Structures are given as structure tokens and as C-alpha cells.
Amino acid sequence: QVQLVESGGGLVQPGGSLRLSCAASGFTAEHYAIAWFRQAPGKEREGVACISSLPDSIVTGDSVKGRFTISRDNAKNTVYLQMNSLKPEDTAAYYCATERIPSTRCMLRAGVYDYWGQGTQVSVSS
């Protein structure tokens, strides 16, 4: 049974950092594209970053480029999202997602992902 569990969210001041984790079970995450999305109240779901099975195959959204970094620990079957220089507009629920079929490429389109975690809340405020 495929399962994704996000953790690491919380309240942080502007300019601070957080690291989100997406723990995968029921499949070997390194063979699949894993993506992070976020959704703020009243806004559409936005792709943040994704990583595929190929080394260095990473896509990062324009709004977080240079601040957020996605990475993978294959031994822990976990994907991380390191978030630095956080801004109030980064406040959202953050979700990780994966596809049903192994992929060597990833994209920041929510519709291509079949499995989603329950989300973790990130709030950036002073």
C-alpha cells in the first residue's frame, strides 16, 4: 500500500528555515518521481519542486528557486524539502505526491500524480 507522510511543518519567522520530510512506504521512492506542492487558502495548488529517479533530475518552481531545495535519502526512503529565507507568502499546506508508474522525469503538474500525503502546515509570520 503506497503511503506518503509529511512532517516538519510549523510556525517560523520571516527569513527563517524549515525542512519538510516526505516519508514513503509501500514502494521504493528512488524509482519514482516525487513532488512537493503547496496550497494556501483561496489559492490554487502550486508546484514547488520535484525530483525523479535520474540523478540531478530536479525541477524547482520559479517562486521558490534559490530558496528551496529538494533532496532524497534513498536509505530512508524519504524526500526532503529544505526551505530557507522563508516569506509570509510561503504560508500554505505542503503536500508530497508520487506517480503510479516509475518515471525518469518529473513535472510540477498536480494532475500527473496519483498518490498524495495528508499535508503539513507551514506558517511564516512575525
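Just so it is clear, the structure is predicted and the values come from calculations on it, not from any experiment. Nothing fancy with the numbering, it's 1 onward along the sequence.
Atom NZ of K65 has more than 12 neighbouring heavy atoms from other residues, nucleotides or ligands inside a 6.0 Å radius.
Here the straight-line distance linking atom CZ of R19 with atom OG of S7 works out to 9.0 Å at 0.5 Å rounding. A distance of 9.5 Å separates CG of N74 from OG1 of T28, quoted to the nearest 0.5 Å. Atom CG of L81 and atom OH of Y94 lie 7.5 Å apart (nearest 0.5 Å). In this structure, the separation between OH on Y80 and CG on D73 is 4.5 Å, given to the nearest 0.5 Å. If you take CD1 on I51 and CD1 on I58, they are separated by 4.0 Å, rounding to the nearest 0.5 Å. Atom-to-atom distance recorded for S103:OG and Y113:OH is 7.5 Å, nearest 0.5 angstrom.
One N or O on the side chain of N77 and one on the backbone of A24 form a donor-acceptor pair closer than 3.5 Å. S21 places no side-chain N or O within donor-acceptor distance of the main-chain N or O of E6, the cut-off being under 3.5 Å. Using a distance-only test at 3.5 Å, with no hydrogens or angles considered, no donor-acceptor pair links the side chain of R105 to the main chain of A33.
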Could you give me the CA-CA distance, side-chain angles and deciding distance for L18 and F68, then say whether side-chain contact (heavy atoms from CB on, under 4.5 Å) is met? CA-CA 10 Å; L18 282 174; F68 290 12; over 6 Å; no

F37 vs W116, ring pair (Phe, Tyr, Trp, His ring centres under 6.0 Å): CA-CA, chis, key distance, verdict: CA-CA 10 Å; F37 289 84; W116 294 79; 5.1 Å; yes

Start with the C-alpha distance between M83 and V12, add both sets of side-chain angles, then the distance that settles side-chain contact (heavy atoms from CB on, under 4.5 Å), and finish with yes or no. CA-CA 11 Å; M83 306 186 297; V12 63; over 6 Å; no

For residues 119-126, which side-chain N or O atoms pair as donor and acceptor with protein atoms under 3.5 Å away, sequence neighbours left out?
{"from": "T120", "atom 1": "OG1", "to": "G9", "atom 2": "N", "distance (Å)": "3.2"}
{"from": "Q121", "atom 1": "NE2", "to": "A92", "atom 2": "O", "distance (Å)": "3.4"}

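Here the closest non-hydrogen pair linking D90 and R67 is OD2-NH1, 2.7 Å. Of all heavy-atom pairs spanning T104 and S53, the tightest one is CA-OG, 3.4 Å. A pairwise comparison of heavy atoms in L4 and T98 identifies CD1-N, 3.8 Å as the closest pair. Contact record, M107 with C50: N-SG, 3.6 Å, taken as the closest heavy-atom pair. Across Q39 and Y95, no two heavy atoms sit closer than the pair CB-CE1, 4.5 Å.
The aromatic rings of Y32 and F27 stand perpendicular to each other, their planes meeting at an angle above 60°, with 30° marking the opposite boundary.
Under the rule for a side chain to side chain donor-acceptor pair (under 3.5 Å), the partners of Q82 that lie at least two apart in sequence or sit in another chain are N84.
In terms of hydrophobic clustering, with Ile, Leu, Val, Met, Phe, Trp and Tyr side chains grouped at heavy-atom distances under 4.5 Å, V5 and V79 are assigned to different clusters.
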